[in-house]
Amino acid sequence: MLKKLMIAAATIAMAACSQGGSPVVEAPVPAAPETESLASAGNDYAEMANWLCHPDKPDDACSVDLTATEISADGSTQLIPFEPAAGPAFDCFYIYPTVSFDVTPNSDMVAGPEELNVVANQFARYGEACRLFAPMYRQTTLLELRNQMTTGQTAADDAMRYADVIDSWNAYLATENDGRGVVLVGHSQGAGMIYEMLEKDILASPAREKLIAVHAIGYGTGIDPATGLAAGLPVCTDGAQTECLVSFESFREAVPPPSNSWFGKTQNGKRAVCTNPASLSGDDGNLKAIMPRQSLGRLAPNDYGVAVDTPFVTLPGLLTAECLSNETHDWLAVTVHADPADPRADDIPGDLIVNGEVVSDWGLHLVDMNLAMGNLVGLAKVQGRAWLDTQNAE
C-alpha cells in the first residue's frame with residue numbers, strides 16, 4: 001500500500017510539475033529529525049507569502065490562464081474563456097494533495113512548480129463561484145512516503161502539518177470571513193486534512209454555521225451506520241443541500257476496484273461515501289471534465305485527437321458517471337462514450353502506470369477532480385446560493 005501511495009503521489013506531482021520530477025524521487029531519504037515537534041514554531045498567516053491563493057495577494061497561484069478548448073465529437077473546437085465571479089458572496093478554502101518534491105519529511109513553505117500547478121488544476125476554477133483561499137502547509141512529502149515504504153516508519157511531523165492547516169483556517173476566520181459562507185475543498189492528503197479539521201475543530205465551533213459544504217475528494221471516509229453521518233456531516237443527496245459532504249473515488253466503469261484497493265473500501269463496518277457530482281450538479285450524470293492539455297507529463301498538443309494550444313481541454317458528451325457498490329467498495333464509475341469513427345480521442349489519461357502496466361487498484365485517482373471540475377464548480381454555485389437564501393430568510 002505505501003509503495004503504491006508513494007508512486008501515485010509522485011505521479012500526481014510529476015503531472016502537475018512542468019519541470020518533471022523523476023530525479024527528485026530518487027534522492028536519498030533524509031534521516032529522521034532528532035528534535036521534538038516543530039508545531040509550536042508556527043507560520044504567520046498574516047504574511048501573504050504563506051498563501052498560494054488569497055484575494056490580497058497580487059498574482060497569486062489562482063491568477064493563471066484557465067482558458068479551455070472545447071473539443072466536440074466531430075472534432076470542431078470552441079474557445080472557452082474563464083470568467084471569474086464578480087464580487088462573489090461566499091468563499092472557498094482549499095487544502096492541496098501530496099505533491100511536494102522537497103527532500104525533507106515535511107515540506108517547506110516555498111511554493112514550487114508542483115504546488116502552483118496542482119492549484120491551477122484543482123482549485124483556481126472555483127473562482128467562478130467564490131473568493132479563493134489556499135494556504136501553504138508543511139505537508140508530508142513524496143520522499144517521506146518513500147521513507148515509509150522502505151522503513152515502515154515515518155519521520156514526518158503530523159502535529160506540525162495539522163497546526164499549519166488549522167492556523168491558516170483560524171487566520172482566515174479572524175481577518176477575512178466576516179460572516180461569509182465557506183466551501184471546504186481538498187483532494188487526497190488535503191481531503192484527509194479537511195476531515196481532521198472537521199472532527200477536531202470546526203464541527204464543535206461557531207464556524208460550523210458558516211459551512212456551506214465540503215468537497216473532499218479522493219480520500220475515503222465512511223458512513224457511520226448508527227447516525228448516517230460521514231466525518232460528522234450528512235452526505236449530500238441534493239444539489240441545493242448545504243452543510244453536507246461531497247466525496248468520491250473514481251474508477252473506470254469497466255475496471256471496478258479490485259478487492260485490495262484502499263480507495264472506496266468499506267472499513268470498520270462503514271461504507272465509503274460516493275456522491276456523484278454529475279448528478280448533484282443537475283448534469284444528469286454527464287461529467288464536465290476539464291483536463292490539462294499536457295496531461296500526466298505528455299507533451300504532444302493533440303493528446304485529445306485535435307491539436308489545441310490552450311492550457312485546458314473540455315470534452316462534452318464523452319464521459320458519464322454513476323455511483324456503484326459491491327460487497328466491499330463504493331466508487332464513482334466513469335464511462336467513456338467513445339466513437340472510433342470521429343476525430344476526437346477515444347479515451348482519457350488518468351490511470352497510474354508503473355513499468356508500462358496500469359495499477360488497477362488506484363483507479364482514476366490522479367484525475368479525480370479534473371474529471372468532475374465543471375460539475376463541482378457548478379455545484380458550489382448552487383450550494384452557495386442555497387446557503388445565502390437561508391441566511392437572508394432568517
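Note that the numbering runs from 1 along the sequence shown for the chain. Every heavy atom of this structure was used, including side-chain atoms; hydrogens, water molecules and symmetry mates were not.
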For Thr320, the side-chain contact (heavy atoms from CB on, under 4.5 Å) test, sequence neighbours excluded, returns Asn286, Thr335, His337
Is it the case that the side chains of Tyr162 and Asp201 hold a donor-acceptor pair, with the cut-off being a distance below 3.5 Å and no angle test? yes
For Cys53 and Val119 the tightest heavy-atom approach is SG-CG1, 3.5 Å
Hits for side chain to side chain donor-acceptor pair (under 3.5 Å) against Arg131, two or more places apart or cross-chain, chain-then-number order -> Asp91
Closest heavy-atom pair, Ala216 versus Leu245, reported as atoms and distance to 0.1 Å, is CB-CD1, 4.2 Å
| When the ring planes of Tyr96 and Tyr137 are compared, do they come out parallel, tilted or perpendicular, using 30° and 60° as the limits? | tilted
Using only heavy-atom distances, determine whether the side chains of Asn375 and Asp283 contain a donor-acceptor pair under 3.5 Å.
-> yes
| task | In sequence, state the C-alpha distance, the side-chain angles, and the governing distance for Thr275 and Val235, and then conclude on side-chain contact (heavy atoms from CB on, under 4.5 Å). | result | CA-CA 8 Å; Thr275 48; Val235 177; 3.1 Å; yes
* Under 3.5 Å, side chain of Gln78 to main-chain N/O of Ile71, donor-acceptor pair present? -> no
Within a strict 4.5 Å, meaning less than it, do heavy atoms of the Phe133 and Pro55 side chains meet? yes
message: I'd like to know if the side chain of Asp164 reaches the main chain of Arg138, judged simply by a donor and an acceptor atom lying under 3.5 Å from each other, with no hydrogens or angles considered.
response: yes
Sub-3.5 Å donor-acceptor pair from the side chain of Arg180 to the main-chain atoms of Phe90, do we have one?
yes
Please answer whether the main-chain N or O of Val182 pairs with a side-chain N or O of Lys210 as donor and acceptor at a distance below 3.5 Å. no
Closest non-hydrogen contact found for Ala191 with Ile217 is CB-O, 3.6 Å
Test side-chain contact (heavy atoms from CB on, under 4.5 Å), reference Thr310, set Asp65, Thr67, Leu66, Ile80, output is Thr67
Exercise for review: Would you mind reporting whether Val246 and His215 have side-chain heavy atoms less than 4.5 Å apart?
Suggested key: yes
Applying side chain to side chain donor-acceptor pair (under 3.5 Å) to Arg271 and not counting sequence neighbours gives Thr266, Asp330
Sorted by chain and residue number, the side-chain contact (heavy atoms from CB on, under 4.5 Å) partners of Asn268 (sequence neighbours excluded) come out as none
message = Looking at Asn50 and Asp44, would you say the former's side chain and the latter's main chain have a donor-acceptor pair under 3.5 Å?
response = yes
Residues at least two apart in sequence or cross-chain that pass ring-ring contact (aromatic ring centres under 6.0 Å, His included) with Tyr94, listed by chain then number, are Phe123
Within the side chain of Asp224, is there an N or O that forms a donor-acceptor pair under 3.5 Å with the backbone of Leu229? no
To the nearest 0.5 Å, atom CG of Leu280 lies from atom CG of Leu376 at 9.5 Å
By side-chain contact (heavy atoms from CB on, under 4.5 Å), Ser259 pairs with (sequence neighbours left out) none
**Asked** Is the number of heavy atoms from other residues, nucleotides or ligands under 6.0 Å of Asp59 CG greater than 12?
**Response** no
Examine the side chains of Ser247 and Tyr195 and answer whether a donor and an acceptor come within less than 3.5 Å of each other.
yes
From CA spacing to verdict: side-chain contact (heavy atoms from CB on, under 4.5 Å), Glu176, His54 = CA-CA 10 Å; Glu176 298 292 337; His54 193 290; 3.3 Å; yes
Scanning both residues in full, the closest heavy-atom pair of Leu315 with Arg344 reads C-NH1, 3.5 Å
**Request:** Spell out, as yes or no, whether a donor-acceptor pair under 3.5 Å connects the side chain of Ser279 to the backbone of Asp284.
**Result:** no
Side-chain contact test, heavy atoms from C-beta onward, threshold under 4.5 Å: evaluate it for Asp56 versus Met48 and give yes or no. yes
Report task. Would you check if Pro257 and Thr328 make a side-chain contact, meaning some heavy-atom pair closer than 4.5 Å? Result -> no
Rounding to 0.5 Å, atoms CG (Leu388) and CD (Gln383) come to a distance of 12.0 Å
Residue set satisfying side chain to side chain donor-acceptor pair (under 3.5 Å) with Asp158, at least two apart, ordered chain then number -> none
**Prompt:** Any side-chain heavy atom of Leu198 sitting closer than 4.5 Å to one from Leu211?
**Reply:** yes
Shortest non-hydrogen pair, Gln189 vs Thr98, comes out as NE2-OG1, 2.7 Å
Report the C-alpha distance between Ser76 and Asp74 in whole Å, list the side-chain angles of each, state the deciding distance to 0.1 Å, and finish with yes or no for side chain to side chain donor-acceptor pair (under 3.5 Å). CA-CA 6 Å; Ser76 62; Asp74 62 4; 2.6 Å; yes
Linking I/L/V/M/F/W/Y whenever their side-chain heavy atoms sit closer than 4.5 Å, directly or via other members, would Val377 and Phe312 fall into one cluster? yes
Indicate yes or no: at least one non-hydrogen side-chain atom of Lys288 is less than 4.5 angstrom from one of Met373. no
Is it the case that the side chain of Glu144 and the backbone of Thr104 share a donor-acceptor pair, with hydrogens and angles ignored and the cut-off at 3.5 Å? no
>> Do Asn370 and Pro292 make a side-chain contact, defined as non-hydrogen atoms from C-beta onward lying under 4.5 Å apart?
In response: yes
Residues 232-242 vs side chain to side chain donor-acceptor pair (under 3.5 Å), sequence neighbours excluded, gives Thr237-Gln241
Is there a ring pair (Phe, Tyr, Trp, His ring centres under 6.0 Å) between Phe248 and Trp331 once you walk through the steps?
CA-CA 6 Å; Phe248 63 86; Trp331 69 98; over 10 Å; no
side-chain contact (heavy atoms from CB on, under 4.5 Å) between Leu233 and Cys244: does it pass, once the steps are laid out? CA-CA 6 Å; Leu233 291 174; Cys244 60; 5.7 Å; no
Residue set satisfying ring-ring contact (aromatic ring centres under 6.0 Å, His included) with Tyr45, at least two apart, ordered chain then number -> Trp51
Taken to the nearest 0.5 Å, the spacing of Tyr126 OH from Glu128 CD works out to 11.0 Å
- Please tell me if the side chains of Asn43 and Met109 come closer than 4.5 Å, counting only heavy atoms from C-beta onward. yes
Given 3.5 Å as the limit, does a donor-acceptor pair link the side chain of Glu115 with the main chain of Gly112, or not?
yes
For Ser107 and Thr141 the tightest heavy-atom approach is N-CG2, 3.3 Å
Can a donor-acceptor pair be found, under 3.5 Å and without considering hydrogens, that links the side chain of Ser188 to the backbone of Gly190? no
For Phe93, the ring-ring contact (aromatic ring centres under 6.0 Å, His included) test, sequence neighbours excluded, returns Trp169, Tyr172
Atom CG of Asp178 with >12 non-hydrogen neighbours under 6.0 angstrom: no
Sorted by chain and number, sequence neighbours left out, side chain to side chain donor-acceptor pair (under 3.5 Å) with Tyr219 holds for none
Does the side-chain contact (heavy atoms from CB on, under 4.5 Å) test come out yes or no for Leu352 and His365, once each step is laid out? CA-CA 8 Å; Leu352 173 61; His365 181 75; over 6 Å; no
Hits for salt bridge (charged side-chain N to carboxylate O under 4.0 Å, His left out) against Asp60, two or more places apart or cross-chain, chain-then-number order -> none
